[in-house]
Protein chains: 2
Amino acid sequence: MDDRRPGEVPLLLAMTFRAMTDHLHARLVELGREPLRPAHGYVFRYLADHPGATVVDLAARLDVTKQSASKTVTELADWGYLERRSHPTDGRAQILVLTERGREYLHLADELWAESEKQWAAVIGADRLDAVHADLRAYLDHVYGDHRINIRPVW
Amino acid sequence: MDDRRPGEVPLLLAMTFRAMTDHLHARLVELGREPLRPAHGYVFRYLADHPGATVVDLAARLDVTKQSASKTVTELADWGYLERRSHPTDGRAQILVLTERGREYLHLADELWAESEKQWAAVIGADRLDAVHADLRAYLDHVYGDHRINIRPVW
DNA sequence: TCTGACTAGTCAGCCCAGTTGACTATCTGC
DNA sequence: GCAGATAGTCAACTGGGCTGACTAGTCAGA
């Protein structure tokens with residue numbers, strides 16, 4: 001059963017993530033929602049967790065240039081998912097704030113990701129899924145220690 | 001401990017894969033090797049597992065157009081990792097064959113991916129890693145059933 | 001056996017999300 | 001108050017994907 005080829009696990013991680021991404025995308029289409037890309041989802045999540053974040057903060061977290069982050073922000077702002085507000089103390093900076101629409105979308109996305117989790121749990125059992133969750137966390141904590149980390153996969 | 005936010009697991013999968021990809025990339029640089037992209041690795045793996053494959057086969061597996069697959073193949077052929085040979089029976093087609101250099105690179109990549117696995121195993125234990133492996137496989141088998149699947153993540 | 005539909009692969013041109021580089025406006029430490 | 005750092009934007013480029021149009025070869029049927 002466990003004829004595990006050395007080096008196979010990372011590939012399986014990627015394939016699994018791809019499968020879940022496909023599911024999310026299909027569900028969004030099914031619901032008639034704009035299928036934002038995962039990169040957008042990361043923006044939402046980051047802003048929800050870090051109120052007062054700026055474009056530069058976001059760029060650092062996503063590990064892209066500030067120009068690229070700025071472009072994404074412009075796009076999401078045009079679509080009404082977030083707003084730029086003037087920074088209270090720094091005249092150069094703008095803080096990024098999710099709109100109600102943005103928070104609602106984030107909530108929906110979480111629910112749809114959770115569908116994939118439930119699907120997985122149905123196959124392997126909820127306790128095993130909890131174990132996987134803990135194991136992933138343990139690995140990331142070990143690799144990155146305290147300081148936070150790159151969210152976006154790179155190809 | 002298991003205050004698992006619903007929908008968090010897919011993100012953790014992506015972050016873990018990203019961490020392992022970063023590790024691979026860093027090791028390749030360290031060894032003075034050309035840091036081919038993961039997409040190239042998928043080509044190598046597919047060709048190693050499917051001798052006699054053509055560009056069209058590859059395109060189907062990677063879920064890209066044949067034009068795109070052809071471009072990647074040209075690149076890898078220019079770098080000496082694979083060769084195009086005339087198809088024995090079909091005058092239109094070419095079969096793709098890994099060179100010794102290509103097989104050597106694939107072997108190295110597997111070793112480097114395995115380093116990440118070992119690192120993970122050191123944190124959570126080998127038995128837990130085996131469990132994760134089995135759980136990933138179980139999910140993919142459930143989602144895709146028999147017919148094989150998309151390897152390449154999509155953004 | 002010829003012909004029409006299909007298939008393998010390439011060429012050319014476009015698109016999009018990222019990049020680098022140059023710039024303005026503002027902030028901060030000496 | 002000035003020099004250097006920082007937030008953000010504009011412009012031009014790149015790379016890896018795409019569509020569309022094409023050539024060359026295959027194959028099935030009348």
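Every heavy atom of this structure was used, including side-chain atoms; hydrogens, water molecules and symmetry mates were not. Order of the sequence lines fixes the chain letters, A, B, ..., with proteins taken first and strands second; residue numbering starts at 1 for each chain.
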For Thr89(A) and Glu75(A), take the nucleotide of DNA chain C holding the closest heavy atom to each; which residue's nucleotide lies nearer the 5' end? Glu75(A)
Val64(A) side chain: which of dT19(C), dT9(D), dC27(C) is closest? dT19(C)
Does dG16(D) have its OP1 or OP2 closer than 4.0 Å to a side-chain nitrogen or oxygen of Arg37(B)? yes
Distance col, row Leu28(A):CG vs His23(A):NE2, nearest 0.5 angstrom, shows 9.0 Å
Ring centroids only, cut at 6.0 angstrom: are Phe17(B) and Phe17(A) within range, meaning strictly under it? no
What contact category does Gln67(B) fall into here, base, sugar-phosphate, or nothing, at under 4.0 angstrom with non-hydrogen atoms? base
Could you check how far NE2 of His40(B) sits from C1' of dG17(D), rounded to whole Å? 13 Å
Between Thr65(B) and dG17(D), is there a contact of a side-chain N or O with OP1 or OP2 at under 4.0 Å? no
Interatomic distance, Leu36(A) CG vs dA17(C) P [rounded to whole Å]: 12 Å
Can you check the His87(A) NE2 to dG8(D) P distance for me, whole Å? 8 Å
Nearest to the Val56(B) side chain among dA7(D), dG9(C), dC18(D), which nucleotide is it? dG9(C)
Any donor-acceptor pair under 3.5 Å between the side chain of Arg92(B) and the base of dT26(D)? no
Figure out the CG/P separation between Leu96(B) and dG9(C), and round it to whole Å. 7 Å
Is the shortest side-chain N/O distance from Thr54(A) to OP1 or OP2 of dG8(D) below 4.0 Å? yes
Between Glu30(A) and Arg27(A), does any NZ, NE, NH1 or NH2 come within less than 4.0 Å of an OD or OE carboxylate oxygen? yes
Any base atoms under 4.0 Å from Ser70(A), or only sugar-phosphate, or nothing? Heavy atoms, all strands. sugar-phosphate
Does NZ or CZ of Arg101(A) come closer than 6.0 Å to the centre of the six-membered ring of Tyr81(A), within 45° of the ring's axis? yes
Take the protein atom CD of Gln94(B) and the nucleotide atom C1' of dT7(C), then report the distance between them rounded to whole Å. 14 Å
Report the distance from atom CG of Leu58(A) to atom P of dT9(D), rounded to the nearest whole Å. 12 Å
Along DNA chain D (nearest heavy atom to each residue), the more 5'-positioned of Lys71(B) and Lys66(B): Lys71(B)
Between Asp57(B) (side chain) and Thr54(B) (backbone), is there a donor-acceptor pair under 3.5 Å? yes
